[in-house]
Amino acid sequence: MSLFRDRGIVLRGIRLGETDRIVTILTEEHGKVRAVARGVRRPGSRFGARLEPLTHVTFLGWQGRGDLDTLNQAEVVDTFRAVREDLDRMAAALTMLEVADQIAQERHAIPALYRMLAGALGALNERPSPMVAPAFHLKVLALDGSAPVLDGCVSCGREDVELVAFDLTEGGALCRGCRRGRPITPAALDIMRRTLQGGLAGVLSEPPSAVADEVATLATEAMEVHLDRRLRSARSGMLP
Amino acid sequence: MPAFSGPLQALVDELGRLPGVGPKSAQRIAFYLLKVPGPDALRLADAITAVKERMTLCTRCFNVAEGELCAICLDDRRDSTVVCVVEDPRDIVAVEKTGEFAGRYHVLQGALNPIEGVGPDQLRVRELLARVDAEGLTEIILCTNPNLEGEATAMYLARLLNPLGLTVTRIASGLPVGGDLEYADELTLGRALEGRRTVEA
């Protein structure tokens, strides 16, 4: 039983009783933390909007004997306001929160995941790039040891052939002879390679296009195969 | 093995299923009901029966109603061209208490929550769009909760409604009256500053 201080991003909240909420925070040093914020739903609560999902906070928590911690104080690092006020960016941010929630484990710190999520939300806050969420998905796959093979056919291993298909159950791109899964265009393959091989800044400045949509679909599906579940936020139809 | 016999245990079990009522509270309420005079307990039973038999959802706005339309939709004195969109019938009570709104309502029966899998199809969105032309609406006030789900819902509706050529407004966010600036969070205070207005004394 102890007090602890950490920073993290609020992933989700569920109502508890009349005025409380259980919030899930992806922290830097304590992994995923689930904690009770007492009175947070009262209009005059000292927490205010600080524990809304999609908020970067530093907080003081109390770890008791049970599974749930208690939040004592929270201060805002960033509210990602531009993301909150744009439906497209919010949709992208919600899929990233859902992925982070699925990948992170309680009390098991993955500082890289926290830094990637904070960085991705910051990038999305700065500009409405359609590539932030797909790039985040691909980077998380790489972090989890499931980066897709993109430099040669994942099935026959040849590198001197044209890659025409993508199948994450196979582990990456496939040549014409081995093709399975979804067809992939050379432009989409190039974006995915640049994302994973040090060209992220250039990828994020890609304008909305058919190729960007293709990469987004491939990255979402690859993440769904990796998680072995559907990404609800990507399929909720919140973008009319 | 059940702690009490027959109907008393059934009552404890049923009360224990109510939100916020634990086993001990259920037991206490059950024994209270056992002790009070018959007519007092039966009034509660009658009230529950009446609510379940007579209350439905208003076919126009999806507020709770006794009959086809709710009391607000039946009131001719209200402005039928302005509709306030809320998440839940209880929000109507909150807005009505202000005495500041004289139009009609539309209850979405929830808010978009993509991470929990709640999309527009689970809400009364199509019915709202159908009301725009059918009732000649001139303004829609988006009065969903000022949290992530409510904001997402408001932005989604604004995107659908704006091309239809009517005024779409969002309720303001700001500091609670009687509150304290020192404890205000950045998001709320930021919005309060953005929504400031000139003071005429």
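Chain letters run A, B, ... following the sequence lines, proteins first, then strands; residues in each count from 1.
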Visitor: Please determine, among A:R84, A:R46, A:E75, the option with the most heavy-atom pairs under 4.5 Å with chain B.
Guide: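 Greatest number of close heavy-atom pairs with chain B: A:R84.
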Visitor: To the nearest 0.5 Å, what is the distance between OG on A:S236 and CG on B:D121?
Guide: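 Reported value, rounded in 0.5 Å steps: 10.0 Å.
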Visitor: Measuring heavy-atom distances to chain B, does A:D78 have an atom under 4.5 Å in its side chain, in its backbone, in both, or in neither?
Guide: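 When you check distances to chain B, no heavy atom of A:D78 falls under 4.5 Å.
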Visitor: Atom CD in B:E186, atom OG1 in A:T79: separation rounded to 0.5 Å?
Guide: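 Going from the CD atom of B:E186 to the OG1 atom of A:T79 covers 7.5 Å.
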Visitor: Please say whether more than 12 non-hydrogen atoms of neighbouring residues, nucleotides or ligands are located less than 6.0 Å from CD in A:E29.
Guide: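 Counting other residues, nucleotides and ligands, CD of A:E29 exceeds 12 neighbours.
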Visitor: Using heavy-atom distances under 4.5 Å, tell me whether A:M90 contacts chain B through its side chain, its backbone, both, or neither.
Guide: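 Just the side chain, heavy atoms under 4.5 Å.
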Visitor: For a side-chain contact (heavy atoms from CB on, under 4.5 Å) check, start with the C-alpha distance between A:R232 and B:E116, then their side-chain angles and the critical distance, and finish with the verdict.
Guide: CA-CA 7 Å; A:R232 287 170 172 171; B:E116 302 299 333; 3.9 Å; yes
Visitor: For the side chain of B:D185 and the backbone of A:R50, is there at least one donor-acceptor N/O pair under 3.5 Å apart?
Guide: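 Flag not set: sc B:D185 to bb A:R50 has no pair under 3.5 Å.
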Visitor: Using non-hydrogen atoms and a 4.5 Å limit, figure out which bit of A:L231 sits close to chain B: side chain, backbone, both or neither.
Guide: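 It is neither, since no heavy atom gets under 4.5 Å.
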Visitor: Quick one: pull up CG in A:L51 and CG in B:N147 and give me the separation to the nearest 0.5 Å.
Guide: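 These two atoms lie 13.0 Å from each other.
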Visitor: Which answer fits A:R12, side chain, backbone, both or neither, if we ask what part of it has an atom under 4.5 Å from a heavy atom of chain B?
Guide: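 Side chain of A:R12 only, per the 4.5 Å heavy-atom cut-off to chain B.
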Visitor: Can you tell me which of B:G117, B:G178, B:P176 forms the most heavy-atom pairs within a distance under 4.5 Å of chain A?
Guide: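 Top count of heavy-atom pairs under 4.5 Å with chain A: B:G117.
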Visitor: Within the supplied structure, the quantity of interest is the number of heavy atoms (other residues, nucleotides, ligands) at a distance under 6.0 Å from A:F4 CZ; does it exceed 12?
Guide: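 Above 12, so yes.
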Visitor: Can you tell which part of B:I115 gets under 4.5 Å to a heavy atom of chain A, answering side chain, backbone, both or neither?
Guide: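 Both backbone and side chain.
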Visitor: Under the criterion side chain to side chain contact (heavy atoms under 4.5 Å, CB included), which of A:T95, A:L239, A:L94, A:L97 is the partner of B:P114?
Guide: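 It is A:L94, the one option of A:T95, A:L239, A:L94, A:L97 that forms the side chain to side chain contact (heavy atoms under 4.5 Å, CB included) with B:P114.
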Visitor: Take A:R81 and B:R191 through the test side-chain contact (heavy atoms from CB on, under 4.5 Å) and record every step on the way to the result.
Guide: CA-CA 10 Å; A:R81 193 163 168 199; B:R191 285 191 182 173; 3.6 Å; yes
Visitor: Is it the backbone or the side chain of A:E85 that comes under 4.5 Å from a heavy atom of chain B, or both, or neither?
Guide: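 Both parts, backbone and side chain.
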Visitor: Hey, which of B:P120, B:G119, B:A154 has the most heavy atom pairs under 4.5 Å with chain A?
Guide: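 Of B:P120, B:G119, B:A154, B:P120 has the most heavy-atom pairs under 4.5 Å with chain A.
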Visitor: Measuring from A:L54:CG to B:E151:CD, what's the distance to the nearest 0.5 Å?
Guide: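 Atom-to-atom, A:L54:CG and B:E151:CD are 11.5 Å apart.
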Visitor: With a 4.5 angstrom heavy-atom cut-off, is it the side chain or the backbone of B:A158 that approaches chain A, or both, or neither?
Guide: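 For B:A158, there is no contact with chain A at all, as no heavy atom is under 4.5 Å.
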